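Here the structure comes first, spelled out in structure tokens, and everything after it is commentary.
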Amino acid sequence: MQFITELKRTHSAGQLRGVDAGKEVVLMGWVKARREHGGATFVDLRDRDGFTQLRFDQSLNADLYEQAKQIRPEFVIAVQGRVESRGEMINPEMATGEIEVVVQRLEIFNAAKTPPFQIRDDVEVNEDLRLRYRFLDLRRDGMQAILKTRSQTNRAVREHLLDHGFLELETPILTKATPEGARDYLVPSRIHAGSFYALPQSPQLFKQLFMVAGYERYFQICKCFRDEDLRADRQPEFTQIDIEMSFVEPEDIYAMVEGMLKRIFKEVKGLDIDTPFKRYTYDEAMARYGSDKPDLRFGLELQDVSDVVAECGFSVFTGAIQSGGQVKALRLPGGGDLSRGQIDKLADVVKIYGAKGLAWMRKKADGSWQSPFAKQLSEAERAAIEARLGIEAEDVAFFVADKPSVVAASLGALRLKLGQQLGLIDKDAYAFCWVTDFPSFEYDEEAKRWVAIHHPFTSPRRADISLMETDPGAVYAQAYDVVLNGYELGGGSIRIHEEAVQSKVFELLGLSKEESRAKFGFLLDALSYGTPPHGGIALGMDRLIMLLTGTDNIRDVIAFPKTLKASCAMTNAPSSVDQLQLDEVHIALKRASTPVEA
RNA sequence: GGGGUUGUAGCUCAGUUGGUUAGAGCGCUGGCCUGUCAAGCCAGAGGCCGCGGGUUCAAGUCCCGUCAACCCCGCCA
């Protein structure tokens with residue numbers, strides 16, 4: 001025995017071809033399948049490269065044939081043998097199908113219990129079981145392909161940025177809690193009783209300080225942490241491609257990111273994507289798509305009909321307009337065959353986003369309207385709506401009347417729902433765009449104060465700086481998102497590089513001079529010691545991999561993800577800790593916690 | 001914090017208006033088979049119907065609670 005010390009693996013399991021016939025080889029890997037034929041046993045041997053058929057033949061070696069009978073799926077074995085052509089028996093379906101390895105020597109490194117689920121892509125398995133046995137799930141071809149794509153993407157990012165003069169620099173994981181933004185993950189300090197580090201929500205300030213320090217072009221592929229509720233595309237810890245550049249304006253960032261994404265798609269998918277990307281201002285995206293991350297793979301744009309129905313007899317419309325709202329519509333060409341039941345289901349969609357209801361009309365073949373509110377409109381008003389929306393016979397149009405944020409959210413969601421339901425989305429398309437000119441601030445009704453929409457270090461447009469004192473809601477930011485197929489792939493901004501402007505923003509956000517000093521004194525100091533104009537962007541690596549691999553679940557692209565409740569099904573993190581550990585970090589629990597099995 | 005879906009064999013699921021002994025495919029175990037291709041044929045084992053209450057003569061099925069996973073709203077500078 002002692003195979004591993006005597007013999008080295010000569011080939012991977014995906015490597016051998018017809019021309020290799022006659023070679024003596026050593027393969028090591030996992031048993032994917034065993035087919036017993038009474039006198040001959042075939043074993044598919046898998047490694048991360050592929051799989052190769054092994055043959056154990058009773059007539060050639062009876063002892064070995066008996067040994068092979070104990071082999072089961074997922075055993076890890078090593079074999080030495082001779083590559084033979086399969087002659088007439090070639091399997092064109094598999095890469096190594098021209099050959100098989102006739103085994104002369106076998107060693108079982110490790111037997112395997114019957115796995116809790118079959119290791120194959122075509123067997124559906126409950127996700128929580130997959131996550132509990134993630135080390136088995138990750139053996140599946142599909143998962144291996146995703147993580148290989150992830151590795152290739154990392155490589156393409158690094159090569160591209162290094163080629164363009166960026167330095168890959170690291171920033172702290174143990175850092176300072178921030179008053180703005182997402183909830184922080186906290187780490188108690190042992191040495192400083194009662195004090196806490198926070199895990200970074202992003203390396204935002206550190207990368208700006210690299211610019212202050214004169215590094216000019218920085219990037220990092222880094223973990224970020226946000227303690228907020230999760231979604232299909234959100235994890236508590238996620239990976240970001242973090243970029244910052246000095247002496248730039250937004251156009252420089254756009255060009256750089258477009259070049260990088262072009263390279264990624266070329267190297268990873270072999271696809272040439274079109275650049276430059278389309279551009280929409282935030283206001284335009286919201287108006288036309290009801291979203292700041294529009295899915296441009298299909299049409300169904302929204303239309304404002306407020307002016308047309310302002311004087312009509314339908315109080316749902318006029319009431320919304322009179323209280324400062326609007327009425328917008330979405331025309332569905334050929335939607336006339338939707339049933340009432342289907343329309344009711346669509347009404348449920350808009351209600352999720354706060355719409356009180358979904359008004360609709362259908363233009364029948366004879367030109368008349370079928371609609372719950374048709375009678376409330378004059379003939380002229382109906383004609384004006386038809387003209388505005390371009391309604392033709394057998395079209396349906398949907399209307400939402402409410403305040404603008406509700407109209408956008410609900411019709412935007414309805415648009416996506418219809419796009420998916422009616423198969424309007426080309427699954428192979430990659431529709432990129434930039435969304436630019438976000439508002440800088442919005443008023444938080446609950447907190448009764450202004451908050452930054454992007455982050456407090458984002459530079460307002462220079463012309464808008466004076467508006468900060470008079471009309472903060474009218475200030476637009478030099479902020480931009482890059483959007484792909486309805487996902488926010490990344491976002492960034494030109495940063496404030498003047499201490500006076502930064503102080504003004506802190507003031508607007510309700511931070512006193514003392515608080516500003518306490519929380520961000522180091523930043524204000526830095527801005528006072530020679531700071532270049534600078535800006536950057538961060539791209540969500542996990543979402544990028546999702547789009548590159550065609551999954552809609554972020555857990556599929558993370559090797560060891562958390563569940564929706566932010567726990568790890570495999571390790572059972574988070575778990576309780578010993579009293580001693582708590583004492584060391586000066587923490588007393590409010591009430592005795594239920595011990596969690598670690 | 002709120003709304004929704006799911007939970008039955010190792011896995012994926014079926015299980016009627018509440019009614020006899022809870023089924024299927026895959027997997028597993030054993031047998032047969034020398035050219036299979038994530039084989040085929042035969043046989044067998046395998047069930048806390050998520051958990052706890054309740055209604056009922058009778059509950060996998062109805063009701064209440066609870067746990068877990070998932071999807072969404074809020075939240076995510």
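Every chain is numbered from 1 and lettered A, B, ... according to where its sequence line falls, protein lines coming before strand lines. Remember, it's a predicted structure, so these values are computed and weren't measured experimentally.
- Across the C1' atoms, G60(B) and U56(B) are found 16 Å apart, a figure rounded to whole Å.
- Of the residues His534(A), Glu244(A), Arg495(A), the one that meets the side chain to side chain donor-acceptor pair (under 3.5 Å) test with Gln208(A) is His534(A).
- For C70(B) and G65(B), the P atoms lie 23 Å apart once the distance is rounded to whole Å.
- Taking atom CD of Glu88(A) as the reference point, atom P of U36(B) lies 12 Å away to the nearest angstrom.
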What's touching nucleotides 29-31 of chain B from the protein side, N or O pairs under 3.5 Å?
{"unit_1": "U29(B)", "atom_1": "OP1", "unit_2": "Arg72(A)", "atom_2": "NE", "d": "3.0"}
{"unit_1": "G30(B)", "atom_1": "OP2", "unit_2": "Arg72(A)", "atom_2": "NH2", "d": "3.3"}

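- When heavy atoms are screened at a 4.0 angstrom cut-off, Leu230(A) is found touching no nucleic acid atom at all.
- Distance Asn572(A) CG to A68(B) P: 12 Å, rounded to the nearest Å.
- Look at the P atom in both G47(B) and G40(B): the space between them is 26 Å, to the nearest Å.
- What separates CD of Glu100(A) from P of U36(B) is a distance of 11 Å, to the nearest Å.
- There is a side-chain donor-acceptor pair under 3.5 Å between Thr178(A) and Gln201(A).
- Both Tyr65(A) and Val125(A) lie close to RNA chain B; mapped to their nearest nucleotides by heavy-atom distance, the more 5′-ward contact belongs to Val125(A).
- For Tyr353(A), taking side-chain heavy atoms from C-beta onward, the closest of the listed nucleotides C37(B), C72(B), C76(B) is C72(B).
- For Met89(A), the side-chain atoms get nearest to U36(B) when compared with the rest of U36(B), A39(B), C76(B).
- Residue Phe457(A) is classed as having no contact, given no heavy-atom separation below 4.0 Å to the nucleic acid.
- A58(B) sits 16 Å from G53(B) when the P atoms are compared, rounded to a whole Å.
- A straight line from CG of Leu54(A) to P of A38(B) spans 14 Å, rounded to a whole angstrom.
- Ser202(A) comes within 4.0 angstrom of a base, heavy atoms only.
- Among the heavy atoms of the strands, none lies under 4.0 Å from Pro115(A).
- Between the P atom of U36(B) and the NZ atom of Lys32(A) lies a distance of 18 Å, rounded to the nearest Å.
- Ring orientation note: the planes of His455(A) and Phe457(A) are tilted relative to one another, at an angle of 30° to 60°.
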- Evaluate the criterion salt bridge (Lys or Arg N to Asp or Glu O under 4.0 Å) for residue pair Arg132(A) and Asp137(A); output intermediate values, then yes/no. CA-CA 9 Å; Arg132(A) 206 148 65 231; Asp137(A) 187 45; over 6 Å; no
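- A 3.5 Å limit on both hydrogen-bonding distances identifies G10(B) as the Watson-Crick or G-U partner of C26(B).
- Cation-pi geometry between Lys32(A) and Phe51(A) is satisfied (NZ or CZ under 6.0 Å from the ring centre, within 45° of the ring normal).
- Atom-to-atom, CG of Asn553(A) to P of A69(B) comes out at 14 Å; the value is rounded to the nearest Å.
- His455(A) has its NE2 atom 15 Å from the C1' atom of C76(B), to the nearest Å.
- Thr281(A) and Asp283(A) form no side-chain donor-acceptor contact under 3.5 Å, judged by distance and modelled atom types alone.
- Residue contacts for Asp229(A): at a heavy-atom cut-off of 4.0 Å it reaches a base atom on one of the strands shown.
- Rounded to whole Å, the C1' atom of C49(B) lies 16 Å from the corresponding atom of A24(B).
- For U36(B), its base sits under 3.5 Å from the side chain of Gln53(A) at one donor and acceptor pair at least.
- Nucleic acid contact for Ser493(A): none, since no nucleic acid atom lies under 4.0 Å from a heavy atom of the residue.
- Tyr487(A) and Asp295(A) share no side-chain donor-acceptor pair at under 3.5 Å.
- Donor-acceptor pairing under 3.5 Å, judged by distance alone, is present between the side chain of Arg234(A) and the base of C76(B).
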- Apply salt bridge (Lys or Arg N to Asp or Glu O under 4.0 Å) to the pair Asp49(A) and Lys148(A), showing each step before the final yes or no. CA-CA 11 Å; Asp49(A) 238 23; Lys148(A) 283 176 194 168; 5.2 Å; no
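- Using a 4.0 Å heavy-atom criterion, one finds that Asp121(A) contacts the bases of the nucleic acid, with or without backbone contacts as well.
- Within 4.0 Å of Ile352(A), counting heavy atoms only, lie sugar-phosphate atoms of the nucleic acid but no base atom.
- For the pair Arg55(A) and Glu100(A), the salt-bridge criterion is met [side-chain N within less than 4.0 Å of a carboxylate O].
- When the side-chain nitrogen and oxygen atoms of Arg86(A) are compared with OP1 and OP2 of C37(B), none of them lie within a distance under 4.0 Å.
- Pairing for C70(B) goes to G4(B), judged as Watson-Crick or G-U wobble with the two contacts each under 3.5 Å.
- The side chain of Leu129(A) sits closest to C11(B) out of C76(B), C70(B), C11(B).
- With C76(B), A69(B), C37(B) as the choices, the nucleotide that has an atom nearest any side-chain atom of Ser567(A) turns out to be A69(B).
- Using a 4.0 Å heavy-atom cutoff across all strands shown, Glu124(A) reaches sugar-phosphate atoms only and no base atom.
- Each of Arg231(A) and Arg55(A) lies near RNA chain B, and the nucleotide nearest Arg55(A) is the one positioned closer to the 5' end.
- The pair Lys293(A)-Asp481(A) fails the salt-bridge criterion, with no side-chain N (NZ, NE, NH1 or NH2) lying under 4.0 Å from an Asp/Glu carboxylate O.
- At whole-Å resolution of the value, CZ in Arg132(A) and P in A68(B) are 13 Å apart.
- Using a 4.0 Å heavy-atom distance criterion, Glu93(A) is classed as making no nucleic acid contact.
- A sub-4.0 Å separation between OP1 or OP2 of A39(B) and a side-chain N or O of Arg35(A) is present.
- In this structure, U17(B) makes no Watson-Crick or G-U wobble pair, since no nucleotide meets both defining distances under 3.5 angstrom.
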Report each atom pair, protein N/O against N/O of nucleotides 23-26 of chain B, whose distance is under 3.5 angstrom.
{"unit_1": "C26(B)", "atom_1": "O2'", "unit_2": "Gln118(A)", "atom_2": "OE1", "d": "3.0"}
{"unit_1": "C26(B)", "atom_1": "O2'", "unit_2": "Gln118(A)", "atom_2": "NE2", "d": "3.4"}

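- Taking the C1' atom of each, G15(B) and U61(B) are spaced 9 Å apart, rounded to whole Å.
- With respect to Arg46(A) and Glu74(A), a salt bridge is recorded, a charged nitrogen being found less than 4.0 Å from a carboxylate O.
- With P as the reference atom, C63(B) and U6(B) are 12 Å apart, rounded to whole Å.
- Scanning for salt bridge (charged side-chain N to carboxylate O under 4.0 Å, His left out) contacts around Asp122(A) gives Arg120(A), with sequence neighbours left out.
- Residue Thr41(A) is classed as having no contact, given no heavy-atom separation below 4.0 Å to the nucleic acid.
- Rounded to whole Å, the separation between the C1' atoms of A69(B) and A59(B) comes to 25 Å.
- The nucleotide whose nearest atom lies closest to any side-chain atom of Pro116(A) is, among C37(B), U34(B), G10(B), G10(B).
- With salt bridges taken as basic N to acidic carboxylate O contacts below 4.0 Å, none links Asp20(A) and Arg17(A).
- Ring geometry for Phe438(A) versus Tyr282(A): interplanar angle of 30 to 60°, hence tilted.
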